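Notes to accompany the following structure.
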Amino acid sequence: MKPALISSRLRRPLAALCSAVVALALTVQPVVAQEVLRDAETEALFRDMSAPLIKAAGLDPRNVDIVLLNDGSINAFVAGGQAVYIHSGLLGAADNINEVQGVVAHELGHITGGHVISTAGSKPATGITLLSLLLGGLAAAAGSADAGLGVFMAGQQAALGSYLSFSRAQESQADAAGAQFLSKAGISGRGSLDFFKKLQNQEFRYGFTRNADAEFYSTHPMTADRLTYLQDVYEHDPAWNTPMDPQLQARFLRVKAKLYGYLAEPQDTLRAFPDYLQDAPAHYARAYAYHKEALMDKALAEVDAMLKQLPDDPYALELKGQVLLESGQPADAIPPLRRATQLTGNNPLIATTFGHALLATEDKANFAEAERVLKAAVAKDRENPFAWYQLGVVYEAEGDTPRARLASAEQQLMQMQLPEAARSAQAAEDGLPKGTPDWLRAQDIAMSAQAMMERQRKKK
């Protein structure tokens, strides 16, 4: 994603939304496709800070994803499968890594509680709604439209109350489970309490008043009640006085500054991170600000200042390579990107940028290495449309049109360009040796795209 190193992708529309840890608004928002922010350093931090919690929850860290969404609201949720979605606004509001770990622990409670796939709460609510429609229709047929409407509205209120009561029960269960996971992982609940206090301050700021209506319409237990319960649990936990991991905290501050520099307006970033701040987070943030303003010399100066402090920092090297690449100097970008790729064990996101730089030189001598790098990247991370696009460019340059079409089909399917994916997959299938893995994959993509298009047609 231009102009900075955090790449993004559009995942398929999120469905089966489970109640989130934060819900200040009382209205229900439709779930739509959201922009996923991908960054090697951020994803490494998420893996390391969540692994003890995931293990404590009895899950396998290899199967649980922590996904960052470009959304300024303070929110996190689970939406099917073993994935926790965190809004960028939540990272911005958190002061330390323990606060984020508290949120993740809560969301893992939803996963282990089966709240994502459970319909136990929605079925009774639906039954009440259908019954009220039936009774309302009978009343209206008897000549009383007002009576029919009254019965219908009463039924809707009962259905809403049933659903919200179930939602609040799920949130309470997730709070309790999250506290257990933190304790088992040896992580203090102080961060969790601090974050709930932030939410309570937000409620006060927006004029929230606790009354019977507020309690009825809330999808979550009242924040004050949650604080009272959790404070008692955490203060009696053996991990209460466990200090925060200083290395994780330092990494969190870097990621938070990086995210701020990427998302905020440059002038806001430069005000928040003035020149007298000379630590790694400040250099990161200012590098992004200058990069977005196309002040490449200043951006490189900030990155070089980081590298002077940390010569083998792979993420600073990655940023330097991207700044050089996007300033039209791909040949100069290759050494830092190659080194960053090596230092991270061929991280697929960094390797994709490295492969891009190799191709951008337009030197055919670099194309063989680009193919190796990009094939390794998609082998580790198939859900990377830009890597597939770059791999398709390599194949086309080498005259391997069928595999170029297959790479295009992979990219198009991930971006929900279904007709294009079906056509590209069919073209690839026609040109690939029958029965080979690539030929079978082309068949799979074509069938998947056709099936999704058919489901879309049926919904219309």
Side-chain angles (χ1 to χ4, degrees), residues 1-7 37-46 48-49 68 70 72 74 86-101 190-191 194-195 197-198 201 243-327 333 336-337 339-340 343-344 350 353:
M1 177 189 293
K2 293 182 179 180
L5 85 94
I6 299 181
S7 61
L37 298 178
R38 301 207 60 197
D39 169 60
E41 183 175 15
T42 302
E43 292 180 4
L45 172 66
F46 283 173
D48 293 345
M49 69 92 176
L68 180 63
N70 185 6
I74 306 174
I86 295 179
H87 286 195
S88 56
L90 189 148
L91 286 190
D95 290 322
N96 58 63
I97 193 65
N98 278 177
E99 292 182 14
V100 182
Q101 287 174 310
R190 291 179 188 271
D194 289 343
F195 200 79
K197 290 173 183 177
K198 285 187 172 71
N201 289 336
M244 191 183 313
D245 185 323
Q247 291 187 343
L248 281 180
Q249 175 61 7
R251 292 168 63 187
F252 169 73
L253 293 176
R254 282 173 53 127
V255 164
K256 182 175 177 177
K258 172 187 287 192
L259 186 64
Y260 188 91
Y262 174 69
L263 294 175
E265 292 297 323
Q267 59 270 26
D268 294 333
T269 301
L270 296 175
R271 277 196 296 268
F273 295 90
D275 286 340
Y276 66 81
L277 296 176
Q278 292 294 308
D279 55 11
H283 287 306
Y284 246 148
R286 290 196 296 268
Y288 278 97
Y290 292 134
H291 190 20
K292 290 165 75 173
E293 291 286 343
L295 300 172
M296 298 305 181
D297 290 343
K298 288 189 173 184
L300 287 172
E302 296 292 346
V303 180
D304 285 339
M306 284 184 65
L307 289 169
K308 187 175 181 180
Q309 299 173 10
L310 305 163
D312 281 328
D313 187 298
Y315 307 113
L317 288 164
E318 178 196 18
L319 178 54
K320 181 170 184 174
Q322 182 145 0
V323 171
L324 289 166
L325 174 61
E326 294 176 0
S327 61
L337 288 172
R339 181 63 177 151
L343 288 168
T344 56
I350 297 176
T353 307

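What you are looking at is a predicted structure, and each value in this text was computed from that prediction instead of being measured. Scope of the values below: all heavy atoms of this structure, side chains included, with no hydrogens, waters or symmetry mates.
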Find the distance between CD (Glu43) and CG (Leu37) and round it off to the nearest 0.5 Å.
10.0 Å
Could I get the full list of side chain to side chain contact (heavy atoms under 4.5 Å, CB included) partners for Pro281, not counting sequence neighbours?
Leu253, Arg254, Ala257, Asp279
Considering residues at least two apart in sequence or located in another chain, which fulfil the side chain to side chain contact (heavy atoms under 4.5 Å, CB included) criterion with Pro243?
none
Side chain to side chain contact (heavy atoms under 4.5 Å, CB included) partners of Arg190, counting only residues at least two apart
Ser188, Trp240, Asn241
Can you list everything that forms a salt bridge (charged side-chain N to carboxylate O under 4.0 Å, His left out) with Asp95? Sequence neighbours excluded, please.
Lys198
Between CD of Glu99 and CE of Met244, what distance do you get to the nearest 0.5 Å?
8.0 Å
Closest non-hydrogen atom pair between Gly321 and Ala333, with its separation
O-CB, 3.2 Å
Mind running side-chain contact (heavy atoms from CB on, under 4.5 Å) on Phe195 and Leu90 for me, showing each step along the way?
CA-CA 10 Å; Phe195 200 79; Leu90 189 148; 3.6 Å; yes
Donor-acceptor pairs under 3.5 angstrom involving side-chain atoms of residues 299-312: please list them, not counting sequence neighbours.
| from | atom 1 | to | atom 2 | distance (Å) |
| --- | --- | --- | --- | --- |
| Glu302 | OE1 | His283 | ND1 | 2.7 |
| Glu302 | OE1 | Arg286 | NE | 3.4 |
| Glu302 | OE1 | Arg286 | NH2 | 3.3 |
| Glu302 | OE2 | Arg286 | NE | 3.0 |
| Asp304 | OD1 | Lys320 | NZ | 3.0 |
| Gln309 | NE2 | Gln278 | O | 2.9 |

Heavy-atom side-chain contact between Leu324 and Leu337 under 4.5 Å:
no
Sequence neighbours left out, what passes side-chain hydrogen bond (donor to acceptor under 3.5 Å, both in side chains) with Ser327? Give chain and number order.
Gln329
Close side-chain approach of Leu91 and Tyr260, heavy atoms under 4.5 Å:
no
For residues Gln249 and Phe252, determine if any side-chain heavy atom of one lies less than 4.5 Å from a side-chain heavy atom of the other.
yes
Just verifying a value: how many Å separate Ile350 CD1 and Gln322 CD, rounded to the nearest 0.5 Å?
10.5 Å
Measuring only between side-chain heavy atoms, which start at C-beta, is Tyr284 closer than 4.5 Å to Leu319?
yes
Taking only residues two or more places apart in sequence, or in another chain, which ones meet Asp268 in a side-chain hydrogen bond (donor to acceptor under 3.5 Å, both in side chains)?
Arg271
So OG1 of Thr269 and NZ of Lys292: to nearest 0.5 Å the spacing works out to 6.0 Å
Kindly determine whether His291 and Glu326 satisfy side chain to side chain donor-acceptor pair (under 3.5 Å), including the steps that lead there.
CA-CA 9 Å; His291 190 20; Glu326 294 176 0; 2.8 Å; yes
Please give me the minimum heavy-atom distance between Ser88 and Gly72, naming the atom from each residue.
OG-N, 4.0 Å
For a 4.5 angstrom cut-off between non-hydrogen side-chain atoms, does Asp245 reach Ile97?
no
Do Leu325 and Thr353 pass the side-chain contact (heavy atoms from CB on, under 4.5 Å) test, and can you show the C-alpha distance, the side-chain angles, and the key distance before you say yes or no?
CA-CA 9 Å; Leu325 174 61; Thr353 307; 4.1 Å; yes
Test item: Lys298 side-chain N/O and Ala287 main-chain N/O as donor-acceptor pair under 3.5 Å:
no
Measure across Asn98 and Asn96 and return the closest heavy-atom pair with its distance rounded to 0.1 Å.
N-OD1, 3.1 Å
Do Thr344 and Tyr315 come close enough that some side-chain heavy atom pair is under 4.5 Å?
yes
Tightest non-hydrogen contact, residues Ile74 and Ala93, listed as CD1-CB, 3.9 Å
Would a distance-only check, ignoring hydrogens and angles, find a side-chain to backbone donor-acceptor pair under 3.5 Å from Gln101 to Met49?
yes
Report yes if the side chains of Asp39 and Leu68 come closer than 4.5 Å at any heavy-atom pair, otherwise no.
no
